[in-house]
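For ligands, and for the atoms within them, numbers begin at 1 and follow the listed sequence.
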Amino acid sequence: MTILVTGANGQLGRETVLALQAEGESCIAIDREEVDFSRPDQVAEAIAAYAADWVINCGAYTQVDKAEQERELAFTINRDAARAVAEGVKRSGGRLLHVSTDFIFGGEQSTPYREDSKPDPLSVYGQSKLEGEQAVREVLPDALVVRTAWVYGVHGHNFVKTILRLAGERQELRVVDDQLGTPSWTADIVRAMRSLMKAGASGVYQFTNEGVASWYDFAEAIVAAARQVGLPVVAETIRPIPTEDFPLPATRPAYSVMSKVKIRSVLDYPIPHWRESLHAMINNL
Ligand SMILES: NC(=O)c1ccc[n+]([C@@H]2O[C@H](COP(=O)([O-])OP(=O)(O)OC[C@H]3O[C@@H](n4cnc5c(N)ncnc54)[C@H](OP(=O)(O)O)[C@@H]3O)[C@@H](O)[C@H]2O)c1
């Protein structure tokens, strides 16, 4: 079986490629040098030419704030190229796993969003990802869409690495405490994606680690874990602040916790709590 991974230099793509190689799968890793998603007119043909049994589409425009200025590019990559990837997979007759996000939700709920909850994106990024999901499913009704959230891992840029850096530089960190979600470790996401693929799943599934956190809770746990493993920490205070004190161009959902009831019925292992996985990741650094 040949598995093609797009966005292979990104944090989730890299983890996926390494996990597939460790499993002994035949894996083709591509990024923008091989297939440029900003040219969707060329994407379907290029993807079809690989004739992969599965395509895991981790390639995306992920700069949530910059997308507010680069609206057209975000839609080109997250919607039009996603559709073109699906068209390529359709032509070559393989299966597609497309990765999506909790930012398709509006944050009005106070109980976990289900796969069929009504989306209401608040940002260009969220809207472009939602339209990407819809485009993929239109072209390939049996596509597997995996929504995840608050992604971090050893590879690439993420909140954990930013907090580790700042905690080594500053005495005080100020972190938003009124947005709730679930941090998700790339290693756990990949394991869940592989289980879904092996089960032959199709349709939308949501995967995050277990538990709920604010960005403040997450930052506190990162700094505590860093201290525990002896990483350099000068930060003495982590101060919780409201979103309005840390204005950013893109609006984030105040609550984006996603239900995992559906995916739990496929996984034959318990999903780790986010605190447990954070420790594992920091130990792996
Ligand atoms: N990060 C999160 O917190 C989060 C949360 C929920 C869902 N997700 C979803 O998870 C998936 C993976 O995200 P990630 O965190 O791994 O993001 P990432 O680290 O930013 O990786 C995205 C990948 O897409 C590639 N890419 C960007 N523009 C491209 C283009 N024009 N042509 C081809 N490839 C291009 C990037 O290539 P370069 O390295 O060359 O830029 C990179 O390899 C995405 O679908 C994202 O929406 C992420």
Of the options L140, D142, L96, which is the one that meets K90 in a side chain to side chain contact (heavy atoms under 4.5 Å, CB included)?
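For K90, the side chain to side chain contact (heavy atoms under 4.5 Å, CB included) test succeeds with only one of L140, D142, L96, which is L140.
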
Heavy-atom contact check, 4.0 Å cutoff: does [X] meet ligand 1?
X: W150; result: yes
X: T6; result: no
X: F103; result: no

Which residue and atom name correspond to the protein heavy atom nearest [atom], and how close is it?
atom: atom 32 (N) of ligand 1; value: F37 N, 2.8 Å
atom: atom 21 (O) of ligand 1; value: G10 CA, 3.3 Å
atom: atom 46 (C) of ligand 1; value: Y125 OH, 3.5 Å
atom: atom 16 (O) of ligand 1; value: L12 N, 2.9 Å
atom: atom 37 (O) of ligand 1; value: D31 OD1, 2.7 Å
atom: atom 12 (C) of ligand 1; value: C58 O, 3.4 Å
atom: atom 4 (C) of ligand 1; value: V151 CG2, 3.4 Å
atom: atom 6 (C) of ligand 1; value: T148 O, 3.2 Å

For E72, does the CD atom have more than 12 heavy-atom neighbours from other residues, nucleotides or ligands under 6.0 Å away?
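At most 12 heavy atoms, drawn from other residues, nucleotides or ligands, come within 6.0 Å of this atom.
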
May I ask you to list the atoms of ligand 1 that are less than 4.0 angstrom from any heavy atom of [X]?
X: D36; answer: 30 (C), 31 (N), 32 (N)
X: T101; answer: 6 (C), 7 (C)
X: A149; answer: 5 (C), 6 (C)
X: G59; answer: 24 (O)
X: I77; answer: 28 (N), 31 (N)

Look up atom CZ in F207 and atom CG in L196, then write down how far apart they are to the nearest 0.5 Å.
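That separation rounds to 9.5 Å.
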
To the nearest 0.5 Å, how far apart are OG in S265 and OH in Y205?
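Atom-to-atom, S265:OG and Y205:OH are 6.0 Å apart.
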
Where the side chain of [X] meets the backbone of [Y], is there a donor-acceptor pair that is under 3.5 Å apart?
X: S184; Y: A149; result: yes
X: N78; Y: Y61; result: yes
X: R114; Y: K262; result: no
X: D178; Y: P242; result: no

Given that the side chain starts at C-beta and the backbone is N, CA, C, O, which of these parts of [X] lies under 4.0 Å from ligand 1, counting heavy atoms, or is it both or neither?
X: A60; result: both
X: S100; result: backbone
X: T186; result: neither

Could an N or O of ligand 1 be found under 3.5 Å from any N or O of [X], whether backbone or side chain?
X: A8; value: no
X: V99; value: yes
X: N57; value: no
X: T62; value: yes
X: Y61; value: no
X: Q11; value: yes

Step-by-step side-chain hydrogen bond (donor to acceptor under 3.5 Å, both in side chains) determination, Q206 to Y113
CA-CA 9 Å; Q206 297 177 160; Y113 284 95; over 6 Å; no

Minimum heavy-atom distance between I241 and F246, given as atom pair plus value:
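So the minimum-distance heavy-atom pair works out to CD1-CB, 3.8 Å.
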
Minimal non-hydrogen separation, P40 against D80, with atom names
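Smallest heavy-atom distance, with atoms named: CG-CB, 3.8 Å.
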
By the definition ring pair (Phe, Tyr, Trp, His ring centres under 6.0 Å), identify the one residue from F218, F159, W274 that meets it with Y152.
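Of F218, F159, W274, ring pair (Phe, Tyr, Trp, His ring centres under 6.0 Å) with Y152 is met by F218 alone.
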
Does a salt bridge link [X] with [Y], judged by any charged N lying under 4.0 Å from a carboxylate O?
X: D65; Y: R252; result: yes
X: R165; Y: E169; result: yes
X: K118; Y: E108; result: no

Would I189 end up clustered with L20 when hydrophobic side chains under 4.5 Å apart are linked, directly or stepwise?
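Yes: a chain of side-chain contacts under 4.5 Å links I189 to L20.
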
For atom 29 (C) of ligand 1, which candidate among H155, K129, R32, Q63 provides the closest heavy atom?
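Residue with the shortest heavy-atom distance to the ligand atom: R32.
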
Out of G156, G7, G13, whose heavy atom is nearest to atom 23 (C) of ligand 1?
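Minimum heavy-atom distance to atom 23 (C) of ligand 1 goes to G7.
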
